[in-house]
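Notes follow once the structure below has been shown.
Hydrogens, waters and symmetry mates are skipped; everything else that's a heavy atom, side chains included, is used. Proteins get letters first, then strands, A, B, ... in listed order; numbering begins at 1 in each.
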There are 2 protein chains.
Amino acid sequence: MIPSKNAPADPGLDHLHTDCRRVGEVLARIGDKWSVLTVMLLRKGPRRFNELKREIGGISQRMLTFTLRGLERDGLVTRTVFATVPPRVDYELTPLGHSLREPVEGLGNWAFAHIASIESARRAFDERQSPKGET
Amino acid sequence: MIPSKNAPADPGLDHLHTDCRRVGEVLARIGDKWSVLTVMLLRKGPRRFNELKREIGGISQRMLTFTLRGLERDGLVTRTVFATVPPRVDYELTPLGHSLREPVEGLGNWAFAHIASIESARRAFDERQSPKGET
DNA sequence: CAGAATCCCGGAAGATACTG
DNA sequence: CAGTATCTTCCGGGATTCTG
């Protein structure tokens, strides 16, 4: 895991930077519009394509396909095809996918705890930008 | 926020959905290319504009401006202008900004712990898609 | 130094239609 | 049902230029 050559002269700084880059990678992966939502829905158990589509709501087939393919590629979900007459495909979280729950929920808790402050700050900021009625 | 007609028959399900939406909001906020990196650099203390630009590396003035403005709007950083001859502007994390560290580091740790599995899964998947030389 | 303004391109993502 | 293919629109974001 740890790069052998990258001796951290300044542990705090270099490690931080590396760390951030990694977070960046994960964020690039799950930070899109639908991935987290999909993973969190899947945590309740396997789902079929259109089931997911309905439950997520507002997602196009195209995006659901892409989202699922991305998650599958990264080993977060498995795709199981049943060769039945009406085709059936189940998507299910892998252990790795499940393991993502914890950090994501951490973020969710943070969001839940501070969303009010954020929205308040946001309103105050917007107020400052357009103090009066600005059409 | 909550549609009045959509009575949540299954509390667990609806709550999950709401929760996910919230995570989605946060992700939309910090899930961009630069926000997390900026916040994590700022955690070491206040920084000036070009200082940040240098330390982040690869970011354009435009994007740094936008990123900082967004973070400021949400109350995650403060912007302090010094009316000196060479203008000087310091950006600093608010307590709210600092509080974001924990969940973000949680995600970072997850990334760090599983990046190898992910890349492995990714390679395996890509292999499956183009088993031989596919021009 | 710290931005604001403008131009521009590529990719993200929606809508729709077709298929096994 | 579960996609794939195509077309089009939108906007994130880089490069560059101008200003207080």
Grab the [atom1]-[atom2] distance between [X] and [N] for me, whole Å please.
X: A:Phe66; N: D:dT4; atom1: CZ; atom2: P; answer: 8 Å
X: B:Leu68; N: C:dC1; atom1: CG; atom2: C1'; answer: 14 Å
X: A:Glu72; N: D:dA2; atom1: CD; atom2: P; answer: 15 Å
X: B:Asn50; N: C:dC1; atom1: CG; atom2: C1'; answer: 6 Å
X: B:Ile59; N: C:dG3; atom1: CD1; atom2: C1'; answer: 14 Å
X: A:Leu64; N: D:dT4; atom1: CG; atom2: P; answer: 11 Å
X: A:Lys33; N: C:dG11; atom1: NZ; atom2: C1'; answer: 15 Å
X: A:Arg48; N: D:dG3; atom1: CZ; atom2: C1'; answer: 13 Å

Give a yes or no on whether the backbone of [Y] and the side-chain of [X] come within a donor-acceptor separation of less than 3.5 Å.
X: A:Asp32; Y: A:Ser35; value: yes
X: A:Thr67; Y: A:Trp34; value: no
X: B:Glu127; Y: B:Ala124; value: no
X: B:Thr94; Y: B:Leu76; value: yes

For A:Arg62, report the nucleic acid contact type (base, sugar-phosphate, nothing); a contact means any heavy atom under 4.0 Å. base
Over all strands shown, is B:Phe82 touching base, sugar-phosphate only, or nothing at heavy-atom distances under 4.0 angstrom? nothing
On the nucleotide [N], are OP1 or OP2 found under 4.0 Å from the side-chain N or O atoms that [X] carries?
X: B:Lys53; N: C:dC1; value: no
X: A:Arg69; N: D:dT4; value: yes
X: A:Tyr91; N: D:dC1; value: no

Between A:Arg88 and A:Asp90, does any side-chain N to carboxylate O distance fall below 4.0 Å? yes
Nearest to the B:Ser60 side chain among D:dG14, D:dG3, C:dG3, which nucleotide is it? D:dG14
Can you work out whether A:Pro86 or A:Gln61 has the more 5'-proximal nearest nucleotide on DNA chain D? A:Pro86
